[in-house]
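Some notes on the structure that comes next.
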Amino acid sequence: MRPVLSYVAAALPVDIALEEQFTTKAQQRHAAKFGMWCWLITELLLFGGLLLVATVLRVLHPASVSAAATHLKFWIGASNTVVLICSSLTMSGAINASRLGLQTLMVRCMLATGGLGSVFLLLKAYEYYRDYQEHMVPFLDWRPYALPHDHASRLFINDYFAATGLHGVHLITGIAILLVLTRQASRAGYLSLHQNRIEIFGLYWHFIDLVWIIVFPTLYLVNRG
Amino acid sequence: MKPDQQALALWPTSASLNAAETDHLVFGFTALTLLLTVPIFIAITVFAIWFRDGRIAHRSYRENRNRLLEVSWMLIPFLLTLVFFYWGARMFDTQKHAPGDAIHISAIAKQWMWKFQHPGGQAEINDLHVPAGQPVVITMISQDVIHALFLPALRIQMETLPDRYTELWFKADRPGTYRLYCSEYCGTDHSEMGGYLTIMQPAAYQRWLERSSTPGSLVAQGRAAFSAHGCSGCHDGGGMVRAPSLAGLFGSPVPLASGGTLVADDGYIRDKILDPGRNQIAGYRQLMPSFKGAIDEGEMIALVSYVKSLGSAAPSEGATP
Amino acid sequence: MSLSESLLHRDPAPGRGTIGRPPDYLHDEHTLRSWFFSIDHKRIGILYLLSITFFFVLGSIAAGLIRLSLVVPNGAIFSNDTYNKLFTIHGVVMVWFFLIPSIPTTFGNFLLPIMIGARDVAFPRLNRLSWYIFVCGALFTLFTIVVGGVDTGWTFYAPFSTTFSNTWVIPALLGVIVVGFSSILTGLNFVVTLHTMRAPGMTWFRLPIFCWTMYATSLIFLLATPVITIALLLLVLERAFGIGIFDPALGGDPVLFEHLFWFYSHPAVYIMVLPGMGVISEIVPAFAQKKLFGYRFVAYASLGLASLTFFVWGHHMFVNGQSEVASLSFSLLSFAVAVPSAVKVYNWTATIYKGSIKLDTPMLYAMGYIGLFVLGGLTGLFLATLAIDEHVHDTYFVVAHFHYIMVGGTALAFLGGLHYWWPKFTGRMYPEGWGRVSAFFIFIGFNTTFFPQFLLGYLGMPRRYHTYPPEFQLLNILSSAGSLILALGYIFPMIYLVWSLRYGKRAPANPWHARGLEWMTTSPPPKHNFETPPTVDFEPYDYRDRESRV
Amino acid sequence: MTPDFVRSMRVPVLVCAALLGLLGGNLLLGQFAFPGAGYFEAALSGVMVLLLLFFSMELIREPPVIRFFGVAGFLWVAIMFVMTLTDYLTR
């Protein structure tokens with residue numbers, strides 16, 4: 001098949017530097033991946049607690065939770081999901097490029113992923129601004145609350161802010177790490193020393209997207225009716 | 001157990017059948033525990049001496065796994081202990097279902113004091129007088145943090161939650177004065193928040209009720225609050241607003257707007273008053289204002305007993321939907 | 001002759017840079033920088049040992065003051081606020097800064113890589129970060145103590161800790177949240193190390209039981225700790241920014257916080273218990289010179305405990321309005337989980353049968369552990385019985401139960417392990433006579449302190465009481481007197497162990513003639529644990545059938 | 001964009017398309033919410049999560065031990081949900 005883009009540099013050697021406590025490189029790669037999966041378990045349980053609170057509130061106060069859910073900006077949340085799914089695609093692109101030693105393409109994919117992540121944050125900030133206008137923000141309570149007589153809905157809104165806020169914080173740290181990684185990875189010979197780091201970061205990024213795929217329906221979607 | 005009776009009491013006196021049965025359960029379980037562990041302690045000491053280092057002893061063919069032995073010494077104790085699980089669960093079940101003819105006493109826990117209200121309106125602080133031989137149900141709630149009403153002589157306790165009613169019932173049968181505590185940590189004076197539970201003969205209890213002053217029975221106080229807060233304007237019919245009649249409400253299933261039904265118990269009535277938007281009922285537009293903050297727990301108990309007095313589940317005629 | 005044989009019969013004098021032998025990890029470098037920035041798992045283990053000893057002393061002082069205050073029924077010695085702060089600090093410091101990190105971060109860090117024949121843990125820098133995070137969490141807690149303390153109890157129940165307490169709750173919460181990450185990183189490190197870095201020939205069933213219990217504990221670290229992090233984070237949000245989640249004024253349910261809290265805190269009890277079982281499963285075979293009885297059962301039981309413990313947290317909530325169906329299922333599951341832990345005792349007893357027992361200090365601690373842990377475990381079954389818990393919930397019966405498990409169990413196992421591996425850690429032997437004296441004092445002091453509390457509990461004395469009815473005074477005085485003996489018992493080891501650092505006899509590589517890779521390297525071990533990377537061809541605890549020890 | 005890069009990107013692109021399709025389905029369910037819609041939405045999200053887990057994060061190519069650790073988190077969240085909801089749903 002004819003190469004689509006011809007100006008990409010030839011593939012560079014891809015390897016990792018062996019650390020002293022490991023005996024083989026395969027062992028080091030396996031250990032790094034294993035460690036990240038263990039870390040992702042703790043992230044999942046962290047968000048699991050928040051989703052449990054949302055589900056219990058739905059059981060205790062069904063009516064007010066539905067009322068509160070209608071106040072969430074459905075379309076902004078939906079477009080954010082699309083943005084994150086695409087960023088997950090570009091991250092896969094970065095990983096595959098790093099495996100094949102295409103350094104420039106990898107850096108471009110990583111910048112695209114960071115860009116899409118920032119788009120998500122911008123949309124999120126805009127959504128928070130719209131919530132602020134609609135007097136839904138919990139602690140800035142000098143503004144009257146949108147559903148004043150419905151106290152239980154305030155619980156759900158608080159849980160919404162806690163969940164999306166914590167996810168936002170994870171995204172900000174993800175983008176920060178991504179920028180640092182991209183700066184390092186763009187240096188010559190990086191791929192022959194630390195290619196593994198791109199894959200490990202990729203797991204973390206996919207997981208942020210996975211958490212949003214769970215948070216979005218639980219907060220925005222379920223029984224909006 | 002009478003306070004400052006003997007210096008070293010090792011066992012609390014039991015003032016009810018449930019307390020006696022709990023004691024038997026504990027004795028039985030202790031016996032099983034000793035049966036399972038004393039042989040171990042003896043075996044360890046004997047082995048430590050018999051097989052001590054340097055002593056010539058018969059140590060050959062030392063096996064180090066025996067599947068049958070290992071499975072049996074896991075299953076047999078488990079099955080034996082399950083007997084006490086079942087016994088405890090059965091007692092727990094009777095604890096959860098109060099008999100119908102019980103006297104209803106309400107308890108309000110507040111940071112660092114108890115307030116008990118008898119049906120006749122008599123209120124007591126920190127102390128509780130109950131008749132012997134009759135089942136008593138205590139419906140309790142907290143006004144701030146989580147407390148717990150603990151009656152060691154009756155071997156029961158129940159936590160009071162700030163957001164809903166919890167209840168506890170007992171049939172005491174040994175007259176006497178016993179201690180009453182708060183057993184869930186609730187702040188500075190958690191240890192001061194207690195008093196005396198006095199179990200009296202029914203006749204003495206009646207005399208005590210008449211003697212203590214009462215601002216009118218709970219139902220009377222409830223009716224006063226019912227009109228004072230303007231509930232009668234809508235719910236007594238005749239007003240412009242179409243509101244559901246409360247006659248025969250208590251105990252009957254209420255059809256909900258979101259489908260399904262909910263049995264109207266104390267908690268349902270209290271939630272309706274404080275948060276009308278919750279569990280909206282079918283066939284009525286939600287117009288009722290929330291009384292959160294306007295009615296404190298004491299007045300709420302009076303209101304709930306008044307609504308309960310408007311005919312229990314028996315379908316009284318003329319009850320408009 | 002395999003490597004194990006050759007190493008066993010050669011007693012290399014510990015290397016202090018003698019010719020041809022690399023210096024051991026202690027005498028490698030002496031600067032403070034080399035200690036605080038070291039990524040050697042042995043040095044990080046020692047750093048943790050010093051940190052948790054400091055917090056053990058802090059928590060014990062609080063305990064001593066509590067027992068002092070309870071000598072008189074009217075609580076005249078401390079004000080009620082001070083008393084509430086004392087038992088809260090005692091709880092927070094002992095649970096999160098001594099018991100949970102004690103065995104995994106000290107013995108686990110030091111011994112796990114050696115026991116599996118590796119040079120270090122999988123992520124050494126992450127291991128060092130774990131200690132830094134522990135220190136950071138510790139600073140939060142010390143700040144809380146210095147500026148005025150927190151009076152919510154170590155359980156931080158919702159409406160009191162968020163709206164009604166006016167003490168320093170937020171720094172205490174942040175301290176616990178931060179130290180949670182330290183245990184997550186330790187758990188993560190151990191899981192990956194055990195899976196990927198075992199020496200050639202070291203299959204899973206050739207691992208010592210200590211490694212199995214470290215693996216089970218690390219699984220609980222990973223699966224439970226994040227839930228306490230989010231629960232306490234929600235408390236911080238509710239208290240600091242008014243973002244009500246459990247606030248009853250908004251219709252929130254404070255029992256929901258209890259669900260999240262106990263989902264972590266009961267597995268946390270098994271984080272404290274499992275390592276203790278691991279240490280005892282190492283000591284008993286060594287001093288009975290006999291293979292551990294039913295090795296596979298004890299290994300599977302550790303993993304069984306680690307997973308079953310996530311189903312039982314509701315037995316802390318039988319009397320707070322939990323639904324009857326939930327209470328029944330939690331009670332039944334609690335019975336199921338209690339059996340594998342209580343039954344391990346039969347395995348240790350069967351190990352002692354037909355062994356050749358040597359009653360040195362570690363074995364005394366192990367014997368004490370077996371007795372007290374069984375009593376603690378079975379009183380746990382009492383508390384899991386619904387009708388009995390109706391009476392004894394939140395009374396001194398509960399206090400006695402968990403102290404039998406934690407002090408009688410984990411603390412004794414920690415001291416036993418400390419004496420058992422002291423030669424390996426420091427290259428010095430502890431004084432045997434003083435060791436036995438302190439073990440005796442601790443056993444007597446412990447039982448005098450905590451057995452009367454079972455009686456107080458059943459008599460109906462509630463927990464966390466600053467003043468109590470006068471009829472309980474005699475048992476309380478007995479308990480306070482016992483705590484003096486216990487304190488004495490704890491002071492002895494601190495003195496003679498430090499003394500042994502300089503004056504103790506030089507320890508050979510294998511003072512107890514025990515089996516296991518840690519005894520096949522010098523004491524203290526070189527920087528990379530083994531001069532020649534070991535291959536394993538022997539079963540764990542393969543003590544030969546011999547009439548009596550050579 | 002070398003040919004083997006394009007070949008390696010075949011699976012991620014397919015996964016991305018599938019995720020967007022499932023998201024579309026979820027949004028439709030969200031708009032015309034009939035009472036039982038919650039379960040369908042949960043099912044669709046579950047499929048999205050599994051797709052992302054096994055294909056984007058390449059869990060399917062990992063050894064069984066990592067696959068267990070990948071799925072264990074979800075099992076324990078399920079334990080937490082089921083046991084807590086037994087209390088709330090049977091109150």
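Here is how names work: the chains are called A, B, and so on, in the same order as the sequence lines, proteins then strands, and each is numbered from 1.
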[atom2] on [Y] to [atom1] on [X], rounded to 0.5 Å:
X       : Y        : atom1 : atom2 : answer
A:Phe74 : D:Gln31  : CZ    : CD    : 4.5 Å
A:Trp37 : D:Ile66  : CH2   : CD1   : 8.5 Å
A:Leu60 : D:Arg91  : CG    : CZ    : 6.5 Å
D:Ser56 : A:Leu89  : OG    : CG    : 8.0 Å
D:Phe5  : A:Leu102 : CZ    : CG    : 7.0 Å

Flag the pair [X] / [Y] as yes when at least one side-chain heavy-atom distance between them is below 4.5 Å, and no otherwise.
X        : Y       : value
A:Leu221 : D:Leu29 : no
D:Pro63  : A:His30 : yes
A:Ile41  : D:Trp76 : no
D:Val77  : A:Phe47 : no

request  = Heavy atoms only, distances under 4.5 angstrom: which of D:Leu19, D:Leu52, D:Val49 has the most pairs with chain A? Name it, please.
outcome  =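 So the answer, after comparing D:Leu19, D:Leu52, D:Val49, is D:Leu52.
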Heavy-atom distance under 4.5 Å to chain A: side chain of [X], backbone, both or neither?
X       : answer
D:Phe74 : both
D:Leu85 : side chain
D:Leu23 : side chain
D:Thr84 : side chain
D:Val15 : neither

Table please: side-chain donor-acceptor pairs of residues 201-216 of chain A below 3.5 Å, with sequence neighbours left out.
| residue | atom | partner | partner atom | Å |
| --- | --- | --- | --- | --- |
| A:Trp205 | NE1 | A:Ser87 | OG | 3.0 |
| A:His206 | ND1 | A:Ser88 | OG | 2.7 |
| A:His206 | NE2 | A:Ser92 | OG | 3.4 |
| A:Trp212 | NE1 | A:Thr81 | OG1 | 3.0 |

note = Tightest non-hydrogen contact, residues D:Ser8 and A:Leu100, listed as OG-CD1, 4.3 Å
key: Which atom of D:Phe69 lies closest to which atom of A:Cys38, heavy atoms considered   = CD2-SG, 3.8 Å
ask   = Checking heavy atoms, do the side chain of A:Leu51, its backbone, both or neither come under 4.5 Å from chain D?
value =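 Both backbone and side chain.
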message = For chain D, which candidate among A:Val82, A:Asn96, A:Ile95 shows the most heavy-atom pairs at distances under 4.5 Å?
response = A:Asn96
key: Salt bridge present between D:Glu58 and A:Arg99 (N-O < 4.0 angstrom)   = yes
